[in-house]
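Here the structure comes first, spelled out in structure tokens, and everything after it is commentary.
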Amino acid sequence: METAIKPTRGEDYAEWYQQVVRAADLAENSVVRGCMVIKPWGYALWERFQAELDAMFKATGHKNAYFPLFIPKSFLEKEAEHVEGFAKECAVVTHHRLVAAEGGGLMPDPRAKLEEPLIVRPTSETIIGASFAQWVQSYRDLPLLINQWANVVRWELRTRLFLRTAEFLWQEGHTAHATKEEAEEETRKMLEVYATFAQDYMAMPVYKGPKTASERFPGAVDTYSIEAMMQDRKALQAGTSHFLGQNFAKASGIRFQSKNETEEYAWTTSWGVSTRLVGALVMSHADDDGLVVPPRLAPQHLVILPVLRGEETREAVMGYVNKLAAELREVRYHGRSIDVEIDQRDIRGGEKNWDWIKRGIPLRVEVGPRDVESDAVMVSRRDRSPKDKRSMPRAELVATICRELDEMQAGLFQRALAFRAANTRVIDDEAELYDFFTPKSVKNVGGDERPEIHGGFALVHFGGDPEVENELRDKLKVTVRNIPEGVPEAEGAGKCLFTGKPSPQRVILAKSY
RNA sequence: CGGGGCGUAGCGCAGACUGGUAGCGCACCUGGUUCGGGACCAGGGGGUCGGAGGUUCAAAUCCUCUCGCCCCGACCA
């Protein structure tokens, strides 16, 4: 069967991903190396992520604020591990003025050299810490619960649209607390928020839990993550929440006077998700015809495709379409009005239809003269075959649209869950583990040599030795994604598969993005 | 930074070995026929061939230098 996206997932997964992003008109590479241009449909999606997450942050007591793009070099140097972690991928501003260069063009003015270089933020712990230090005097000033929506820059060598770009959009929560327990609770709470968002809005099942020491955020005491399985069975870290202990409070001087008159350092946390979630959405639900957007995140729920032939019926059809759109917009779906697009572009109907399939809009509704006649419409759902059209009375569509969308949302989640279950294996034998992660075939339709899609998530007992992690990474390109919580198959103590040491529970091993 | 490759129309490419100032597919524009479905026919617009220098009567093509990008590796949310 002809597919809208070539190559298909099975033929060349990496290329398929690029083609879906392009076909859905989400983003494109910019002239600036490693940076992307997010196009209107892609940005509309990001705005939906923002709207829902922002509401969840506010509901848990956080306030938005904004801090500078630039971080003085000395700030970044304050936390030893932090410097180590980010130094290699920082953009640095050294001058504040340009002058004409000999032979044309511009050059930094040597007389305008900054006394202290400024770093374009790769993350904002240190600059926000500086403000927190000033804002906090007393235990009465705590907790401080702040979130920032911003762009950050990490000078990555290899980039892929949405998954890893040199500049990306994200939110970063930063909080300060009087006690360790409260900060730890905050860290857990926000991890929970991310997990809920991933599952309820993105229809993407995730495993949540702490990272091992070697995968921790630079400077953190504990890092927790949510990990999702993509359709090539690799793991994608979709969000992180860090318990920073007093490390950054000490580095930034966030001190307060306690109730019993002692001076103490605050306990801080940070947590973030980024435009990478858009990539996660693509790789969770898109198929060989393009993107599939879960209804609860869809910028628009439904597109009406008027069949306009001949002037004599045009007015009747458009009148009917506008009336239908108005009726649908009266319907509430999870706190929003149904968002309806009427596509009147002067292009062929088939092309228009496929355009919306590739963009992944949940419902497509055709309205032509025959439908007006019978007061019925032709409805297609993105989670079904492109050719699958059902005629239904107009009133029925209006009455059942929420149920239809919820059904689709739930179906996407169930499909992703089943996929993950089918590709997750409990493993207690080293040979089996190596076999699980070693691709068997290198043949490809086009004659290219390419490893088959294989493996998945392995649940194994692991004793916590960093050397074992290094070996797994070197030999199998596999890492411990996290130590999953609330996963029955992973619960129960055992012995490390590699060293025989005691292991309190199983960890997730997987290849990852 | 090591190994390989590539810069020719918006995108994808041919032309280069054997110099004679550009061509194909898609996209775009116009007209017509179609059209409850990713159409067809005809016509048309668009490129100083990454940049600079050289050889030559003549350079996309040969030579030198240079800039940029991609892939593999290293590195990495």
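Per chain, numbering begins at 1; letters A, B, ... match sequence-line order.
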Protein-nucleotides 5-13 of chain B N/O pairs closer than 3.5 Å?
none

Check: Taking only N and O in the side chain of A:Lys352, is any of them less than 4.0 Å away from OP1 or OP2 of B:C35?
Finding: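 Looking at the OP1 and OP2 atoms of B:C35, neither is under 4.0 Å from any side-chain N or O of A:Lys352.
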Notebook entry, point to check: Within the structure, does a side-chain N or O atom of A:Arg164 lie under 4.0 Å from either OP1 or OP2 of B:A77?
Noted result: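 Negative; the distance criterion is not met.
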Check: For the side chain of A:Asp371, counting heavy atoms from C-beta on, which of B:C76, B:G38, B:G36 is nearest?
Finding: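 Nearest to the side-chain atoms of A:Asp371, counting from C-beta on, is B:G36.
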Checklist line | Listed partners of A:Glu485 passing side chain to side chain donor-acceptor pair (under 3.5 Å), at least two apart | finding: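 For A:Glu485 the side chain to side chain donor-acceptor pair (under 3.5 Å) partners, ignoring immediate neighbours, are A:Arg188.
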Margin query: In whole Å, measure the gap between the C1' atoms of B:C41 and B:C35 for me.
Written below: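 Per the computed distance, 15 Å lies between those C1' atoms.
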Check: How far, in whole Å, is B:A58 from B:G19 if one measures between their P atoms?
Finding: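 Taking atom P in both B:G19 and B:A58, they lie 15 Å apart.
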Next item on the list: Kindly state each residue pair satisfying salt bridge (Lys or Arg N to Asp or Glu O under 4.0 Å) with at least one member in residues 367-386 of chain A, sequence neighbours excluded.
Entry: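 Checked against salt bridge (Lys or Arg N to Asp or Glu O under 4.0 Å) - neighbours excluded - the pairs reaching residues 367-386 of chain A are A:Asp287-A:Arg382, A:Asp375-A:Arg394, A:Arg381-A:Asp383, A:Arg381-A:Glu404, A:Arg381-A:Glu407, A:Arg384-A:Glu407.
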Next item on the list: Go through the structure and list residues passing side-chain contact (heavy atoms from CB on, under 4.5 Å) with A:Val372, not counting sequence neighbours.
Entry: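 Partners of A:Val372 by the side-chain contact (heavy atoms from CB on, under 4.5 Å) criterion, ordered by chain and then number, come out as A:Val317, A:Tyr320, A:Val367.
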Checklist line | Nucleotide B:C76, atom C1' - distance to NZ of A:Lys234 in whole Å | finding: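 Nearest whole value for this atom pair: 14 Å.
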Next item on the list: Give me the residues of residues 194-209 of chain A where at least one heavy atom lies under 4.0 Å from an atom of RNA chain B, by number, or none.
Entry: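 None, since no heavy atom is under 4.0 Å.
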Which protein N or O atoms sit under 3.5 Å from an N or O of nucleotides 68-72 of chain B?
| residue | atom | partner | partner atom | Å |
| --- | --- | --- | --- | --- |
| B:C71 | OP2 | A:Arg158 | NH1 | 3.4 |
| B:C72 | OP2 | A:Arg158 | NH1 | 3.1 |
| B:C72 | OP2 | A:Arg158 | NH2 | 2.3 |

